[in-house]
Amino acid sequence: MNENISPHSSSSSFVPIEEHHIQDAIQVINEAKEFNPNLLDYITKSTPSASNDKKYHVISVFGSQSTGKSTLLNRLFNTNFDVMDETRRQQTTKGIWMAYAPTVSNTKHLKSQNENIFVMDVEGTDGRERGEDQDFERKAALFALSTSEILIINVWETQIGLYQGANMGLLKTVFEVNLTLFGKAKLNKSNNHKVLLLFVIRDHIGVTPKENLASTVTQDLINMWDNLNKPNELSHMKFEDFFDISFHTLGHKVLQPENFANDVQLLGDRVINKDNAEYLFKPQYHHEIPIDGWTLYAENCWDQIDNNKDLDLPTQQILVAKFKCDEILSNVYEEFLLKFNEQHLIKIPKLNEKLTDDIDYEDLGLSFIDLKNDVLENFDVSASRYNQSIYEQKRITLIGKLNDKFKEIFEAYAQYLLGNTIKLFTNVLNSGKRNLPGKNFQDGVVSLSNKYTQEYSKALKFLSLGGELDTTGYEDKLNKQVEELISKQQLIELNNTINKSVKKVNNGLVKAITFELGDLKDDTWDTILNKFNQLTKEVLSKYESSTDEYDFGLGTSDKLNNLAIESFKFKSWVNFYDSIHKYILKDGLINILQDRFDDKFRYDDNGLPKLYENSTELESSFEKAKKFSLQILPILTRAKLSNGKDIKPEYDIFNKHLKQKYTTINETEQVQASYTDSEDEDEEISSDSFSIIVNEEEKQLVLNKFKREVDAKFVETKRSIIQHVTQ
Ligand code: GDP
Ligand code: MG
């Protein structure tokens, strides 16, 4: 023997029969008519390459006791069903038995082409003549019909044509029951399932040719079929709608042992050789149930047969498919959960734990998809062999379950990403305009928010199982929060801009006021007002845009911009008022008057101290100085222009509602302000409130004080003249 070829190698087609391990048969249904729960285990062990799925065949045998059924099966399929031993008269155990055929005998000694063949043998009793156990025989035959592709009907040549002897009586009953059980399913046009009835004619001496025997049997069957009691709706059904028939003859085992052996091998050829003209298996004999579902199917069939229920095969197949697909689904899902928990749960960082994360979302998303595909692949391998629509239905269920699980983790990441993105975005916003990209706030904020929302969307897309999980909810959430942050920051920036501008105007104005106060003239207020107008105009022109509106480069609305401009003007006027009062209070006023008085009274035109030599000179100078000083009193007490008109601010700066409206710009108070505008009338303040710096009463007090002080100076000076004169 060639050493390179192992006798057990599956690649070899010539494995001697003796080398195959012959497995003991297993009892499928026992004497008590119970189904064996260990059958699946037997089948699984017999067919370790489970991927063979639907590549298996079930053959059963049917016939009178001691007609050599078991002998034939053992010789043909190399099984070891109990055979009655003539010498010991050993009684075989009643029931339905099954055995895995390790190989099939054939003329070419070919291995059985990897087809998994299961053989069922029915052991009855010899008591049929006594009418004892026809029930079991009948049920066994029905069971064989509903689960097998081929039913071997074993008959002696000598019995052919004899009604009783050739099992014909039982066959008739079986046909009848078969019709009531499976007939309805046949009404469905797409149901083309058939069973092959293989008549094996035993002890064929060879005198009558096989063809003649076959036509006798066929004729008998057709007659029997025609005389069956058929339910009305099935009366049109023909024998060949349910069955194919085929024949095989075997020589006499005792008288022609060589012929017998050869005929068995010829039958084996018909079982395994697809090229054989008389090859037995046709696709429509198969029940289209994967091998791992067959036992469940068989058990259901037995249950219904034993309980004399209507046996609805297609429904049985669907039930098996549902059960099996569910089982496969929960198995793959369990496996998935283990992997899922192992790979993903612990990795989500705590929210805002750090601002930059090093998670590769593309990688992570791909691992989600990989895991999901693996699970689906596992499911497909096992479940796709079952009824297609059930399989597809369950696949959708599985996808839903997987997506739900991934959704949990997706949501956790989405939540985390949302929080992180917002925090990052807020940080950049808060760190000041300078840290924004682009030339102004609006540009910067737009490109920044685009950058962040794009990154966020990208990460979510990666995690979305190729778009199967909906990301829009989270995107909307982010957009909303970003928008809120931006509008909040816009207001802050807008207020800052306004306040800076107001300060700028005020600085300029204060300079002008202090300068003008040093050299008061009739048109002092004209000069100051002009300066104010010029300063505000400079600011306004900075924000004027080509469209006649104002634009701060913040992306704020026209309405808000206009409000900001108003606020700027309003605040500038308030500052104008405050500055005047700061520099010209009644206490300050008295100093100004006194300084002015002193300037004239104590110093001459060259700035030298004056010495008075007589009272007349003193009195005249005193009156002059007093007049000179009081000359500016109207200018300092009232902001009046040289044309005699008071300076009137553009806004009623004393209106507390306006004050509130313009102090800090925010969107809500605009609305509030709009209705408070109309109820101001009762607190109307006179239109000259702005221009009055010191009121009449205060003015009188100032005057009195001034007079007292200058009078004192006058007296003091006069006294010094008298002393000087008298010395
Ligand atoms: P089963 O009850 O139908 O399974 O029959 P067995 O296989 O147990 O065989 C019953 C008896 O018939 C045994 O003694 C066999 O030796 C004998 N026998 C088996 N096959 C043949 C056959 O082809 N011709 C004859 N004449 N006897 C056979
Ligand atoms: Mg037997």
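Scope of the values below: all heavy atoms of this structure, side chains included, with no hydrogens, waters or symmetry mates. For reference, positions follow the sequence shown, starting with 1. Counting starts at 1 for both ligands and their atoms, following the listed order.
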I'd like to check which ligand 1 atoms, numbered from 1 as shown, lie under 4.0 Å from a non-hydrogen atom of [X].
{"X": "His252", "value": "26 (N)"}
{"X": "Asp203", "value": "22 (C), 23 (O), 24 (N), 25 (C), 26 (N)"}
{"X": "Thr67", "value": "1 (P), 3 (O), 5 (O)"}

| task | Indicate yes or no: does Lys324 engage Asp292 in a salt bridge with an N to O separation below 4.0 Å. | result | no
So, is [X] polar-close to ligand 1, with some N/O to N/O distance under 3.5 Å?
{"X": "Trp156", "result": "no"}
{"X": "Ser66", "result": "yes"}
{"X": "Val254", "result": "no"}

Looking only at non-hydrogen atoms, the one of Gly63, Ser70, Gly251 nearest atom 4 (O) of ligand 1 is Ser70
Within a radius of less than 6.0 Å around [atom1] of [X], do more than 12 heavy atoms belonging to other residues, nucleotides or ligands occur?
{"X": "Glu258", "atom1": "CD", "answer": "no"}
{"X": "Lys322", "atom1": "NZ", "answer": "no"}
{"X": "Lys407", "atom1": "NZ", "answer": "no"}

Exercise for review: Please confirm whether the backbone N or O of Leu280 pairs with a side-chain atom of Arg270, one donor and one acceptor, at under 3.5 Å?
Suggested key: no
Which bit of [X] gets closer than 4.0 Å to ligand 1, counting heavy atoms only: side chain, backbone, both or neither?
{"X": "Asn154", "result": "neither"}
{"X": "Arg202", "result": "side chain"}
{"X": "Phe260", "result": "side chain"}

Original post:
Do the non-hydrogen side-chain atoms of Val28 and Phe143 ever get within less than 4.5 Å of each other?
Top reply: yes
Item to check | Any side-chain heavy-atom pair of Leu221 and Leu171 under 4.5 Å | outcome: yes
Q. At a 4.0 Å cut-off, with the gap strictly under it, does some heavy atom of Leu250 reach an atom of ligand 1?
A. no
The single option from Tyr285, Phe199, Phe175 that satisfies ring pair (Phe, Tyr, Trp, His ring centres under 6.0 Å) with Phe243 is Phe175
- Query: Do any of the N, O or S atoms of Thr71 sit under 2.8 Å from the Mg ion (ligand 2)?
  - Reply: no
